[in-house]
Amino acid sequence: RPVRKWLAKDRVTFGRQLALRLARLGRRWQLIASKRMPEASGDIRQIAGQPVFVPLYSLAQTYGPIFRLCFGPKRFVVVSDPAITRHLLASHAANYSKGILSEILDFVMGKGLIPADGEIWQTRRRAIVPSLHKRYIASMIGMFGRCNLKGLSLLEESAGAGQAVEMENYFSRLTLDIIGKAVFNYEFDSLRHEDPVIQAVYTVLREAEYRSTAFVPYWRLPLASSLVPRQQRCKEALKTINTTLDGLVAKCRRLVDQEDDEFEEEFLSQEDPSILHFLLASGDQISSKQLRDDLMTLLIAGHETTAAVLTWTVYCLVLNPQYMPRLQEEVDRVIGDGIPTLENVKELAFTTRVINEGMRMYPQPPVLIRRALKDDVLGGYEVKEGDDIFISVWNLHRSPRLWHQPDVFDPERFNVKGPIPNETTENYRYLPFGGGRRKCIGDQFALFEAVVSLAMLVRRFTFSIGPEAPPVSMTTGATIHTKQGLYVTLTKRSTP
Ligand code: HEM
């Protein structure tokens with residue numbers, strides 16, 4: 001019996017080892033057998049001056065769902081395929097880092113959640129995600145409504161005076177006011193006034209976008225921050241923001257020290273329901289530099305993304321006014337002139353589909369960036385450790401292989417009675433908030449914010465673009481901007 005037992009045990013071990021060897025061999029064969037990835041090469045001037053995702057779209061039509069783009073010394077793998085995207089973001093996410101993005105954003109976000117990788121990212125994600133709990137989101141919806149009321153009263157003045165309104169600028173200020181309150185309980189009040197802190201935020205944002213599209217990283221040269229006027233302004237702006245953040249952290253710490261509310265899972269202070277308050281009250285032991293990095297990351301991540309979604313959705317509606325009656329009927333019925341509640345927002349199913357479709361047509365950001373941490377096989381082709389990868393969300397969202405009439409704005413393509421579309425329901429052909437472990441942590445916050453803002457706007461106005469308005473075209477940094485603004489003529493509705 002002992003001999004039989006020994007033989008059985010040994011057979012299992014031997015079987016396991018054989019399976020492991022075969023798997024390794026299979027992987028090597030897969031690598032060796034992998035074909036050469038299609039390669040697009042050319043002069044960098046061919047793509048300079050246009051938003052980078054535009055040439056990537058036509059290149060993908062020629063070279064397919066995965067190809068290598070070589071411009072001089074720069075080489076990128078461009079991905080426009082749902083299955084490969086799932087591999088990169090979800091099933092093999094641990095093999096990929098944020099790569100160039102961390103290098104570009106270091107000056108402003110440091111080791112904040114978006115650029116961070118590895119252990120720091122894991123620890124910070126674990127600390128921050130719980131702050132966006134259900135009670136927090138519900139309390140934010142009232143704040144979205146109050147900020148919108150302020151903005152709408154300004155729009156009413158412009159509409160009364162017959163002036164066209166530049167909606168991109170309007171949404172940028174509205175969402176800055178909202179994210180300031182939500183993240184660190186700061187009243188930017190940027191809709192109504194200018195101040196050095198607001199100026200500083202925009203200087204830093206523009207610098208981050210400039211760095212992400214510039215071809216020569218001259219700011220890395222020694223003394224660039226003291227000698228180049230643009231870099232001097234950026235350094236000054238960062239100083240202003242850091243001083244303001246330090247002041248807000250100190251104020252919030254005093255509040256936390258005074259209060260005797262016990263910290264619990266869905267902690268929410270009535271006086272200051274911000275994310276900063278949650279983090280300090282939770283006893284999260286982090287350096288003041290890391291806390292500043294986290295706050296800056298949330299401010300930037302949550303600001304212009306939502307503004308861009310609202311800008312381009314309004315643009316889609318201006319071009320497709322046939323959807324306005326259904327949208328306005330829903331808003332009139334569900335919220336009327338009031339400020340929406342969480343229950344109302346959930347009832348605004350068609351309004352939500354309009355935003356979902358706006359995000360399909362104009363994804364923010366249009367391209368996601370990764371770097372391979374080890375050799376891998378993507379779609380049958382070998383990628384090497386260190387390869388930089390662009391996942392073109394724009395190409396996925398606009399692919400004629402994946403969508404019926406992809407260039408047509410049609411909110412009804414998503415079932416209004418079905419679940420809210422996302423990367424899972426749409427099998428990675430649609431990923432407005434990314435996917436896998438690096439998925440956006442503010443997805444629900446942002447969707448509700450966009451729905452409330454659009455609903456309150458269409459309740460009061462219909463819109464059109466006058467003949468004298470500049471043409472609307474795209475330019476890009478981190479998000480898609482308009483080149484010359486989105487000038488819209490607002491007409492006040494006589495609402496029921
Ligand atoms: C990540 C989109 C609003 C915080 C992301 C990613 C996308 C995205 C696509 C994934 C990036 C990647 O995989 O490389 C959007 C859009 C928004 C929005 C379209 C508005 C409509 C917000 C808001 C917040 C936020 C309001 C904060 C309150 C973040 C953070 C990450 C992130 C911290 C990084 C998560 C991580 O890497 O662990 N966002 N976002 N976002 N977003 Fe958002």
Side-chain angles (χ1 to χ4, degrees), residues 137-156 158-159 165 167-168 170-175 177-179 181-182 191 302 305-362 364 409-412 414-417 420-421 432 442-464 486 488 490-496:
I137 300 285
S139 91
M140 288 298 112
I141 287 177
M143 186 268 286
F144 300 159
R146 289 190 294 279
C147 284
N148 268 283
L149 279 184
K150 266 194 208 169
L152 290 165
S153 67
L154 296 174
L155 293 185
E156 273 174 24
S158 305
V165 177
M167 294 305 285
E168 186 174 25
Y170 170 75
F171 285 132
S172 175
R173 286 168 187 273
L174 172 69
T175 54
D177 285 0
I178 289 178
I179 203 74
K181 284 296 285 177
L191 278 164
T305 40
T306 321
V309 166
L310 282 163
T311 303
W312 290 105
T313 305
V314 164
Y315 178 61
C316 290
L317 282 170
V318 171
L319 298 185
N320 298 276
Q322 69 274 24
Y323 294 109
M324 283 299 272
R326 183 167 176 194
L327 184 59
Q328 287 175 322
E329 182 284 319
E330 183 179 80
V331 173
D332 293 345
R333 179 168 40 82
V334 177
I335 56 170
D337 286 329
I339 287 181
T341 60
L342 178 59
E343 283 62 42
N344 295 152
V345 176
K346 286 182 181 161
E347 265 184 81
L348 293 170
F350 184 67
T351 315
T352 307
R353 292 300 170 273
V354 169
I355 297 286
N356 299 144
E357 177 68 345
M359 288 196 284
R360 185 189 67 80
M361 298 276 296
Y362 295 92
Q364 314 291 346
F409 176 77
D410 175 13
E412 286 161 354
F414 296 117
N415 181 2
V416 175
K417 295 208 170 87
I420 293 177
D443 56 345
Q444 210 178 31
F445 177 111
L447 190 59
F448 288 167
E449 178 186 358
V451 168
V452 168
S453 305
L454 181 65
M456 291 179 75
L457 181 71
V458 300
R459 164 71 182 171
R460 286 152 184 86
F461 301 104
T462 49
F463 20 78
S464 57
L486 172 64
V488 168
L490 299 168
T491 311
K492 201 150 170 24
R493 284 180 71 209
S494 46
T495 43

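We're numbering straight along the sequence, starting at 1.
Residues I339 and F144 have side chains not in contact (no heavy-atom distance under 4.5 Å, counting atoms from C-beta outward). Side-chain contact between N356 and P432: absent, with no pair of heavy atoms (C-beta onward) separated by less than 4.5 Å. Annotation: side chain of E329 is not in contact with side chain of R326 (no heavy-atom distance under 4.5 Å).
Between F461 and M324, the closest heavy-atom pair is O-CE, 4.1 Å. Here the shortest heavy-atom pairing between G358 and F409 reads N-CE1, 3.9 Å. Considering every non-hydrogen atom in both V458 and Q328, the closest pair reads O-NE2, 2.9 Å. Among all heavy-atom pairs drawn from I137 and Q444, the shortest one is CG1-OE1, 4.1 Å. Taking all atoms of both residues into account, the shortest heavy-atom contact from I141 to P340 is CG2-O, 3.3 Å. The two residues L486 and V314 make their nearest non-hydrogen contact at CD2-CG1, 4.3 Å.
For E330 and T351, the side-chain atoms include at least one donor-acceptor pair closer than 3.5 Å.
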Yes or no on side-chain contact (heavy atoms from CB on, under 4.5 Å) for F448 and L342, after CA distance, side-chain angles and deciding distance? CA-CA 8 Å; F448 288 167; L342 178 59; 3.6 Å; yes
Worked check of side-chain contact (heavy atoms from CB on, under 4.5 Å) between L447 and M359: CA-CA 10 Å; L447 190 59; M359 288 196 284; 3.8 Å; yes
Please assess L310 against Y170 for the test side-chain contact (heavy atoms from CB on, under 4.5 Å), listing each intermediate value before the final yes or no. CA-CA 10 Å; L310 282 163; Y170 170 75; over 6 Å; no
Could you give me the CA-CA distance, side-chain angles and deciding distance for L317 and L327, then say whether side-chain contact (heavy atoms from CB on, under 4.5 Å) is met? CA-CA 10 Å; L317 282 170; L327 184 59; 3.8 Å; yes
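Note that CG of N344 is 11.0 Å distant from CZ of R333, once rounded to the nearest 0.5 Å. In this structure, OG1 in T175 is found 9.0 Å from CG in L191, a value given to the nearest 0.5 Å. In this structure, the separation between CG on L149 and CG on L152 is 6.5 Å, given to the nearest 0.5 Å. Taken from CG in L490 to CG in L457, the straight-line distance is 6.5 Å, to the nearest 0.5 Å. For the atom pair CZ of F445 and CD1 of I179, the computed distance is 4.0 Å after rounding to the nearest 0.5 Å.
Listed by first and then second residue, the salt bridge (Lys or Arg N to Asp or Glu O under 4.0 Å) pairs involving residues 350-360 are E357-R360, E357-R413 (not counting sequence neighbours). Sequence neighbours left out, the pairs with a member in residues 140-152 that pass side chain to side chain donor-acceptor pair (under 3.5 Å) are N148-S453.
Ring pair F350/Y323 is tilted by interplanar angle, where 30° to 60° counts as tilted.
Checked by atom type and distance alone, the side chain of D410 pairs as donor or acceptor with a backbone atom of E412 at under 3.5 Å. A donor-acceptor distance shorter than 3.5 angstrom exists from the side chain of R493 to the backbone of R459, with no hydrogens or angles considered.
Every residue two or more places apart in sequence or in another chain was checked for a side chain to side chain donor-acceptor pair (under 3.5 Å) with T313, and none qualifies.
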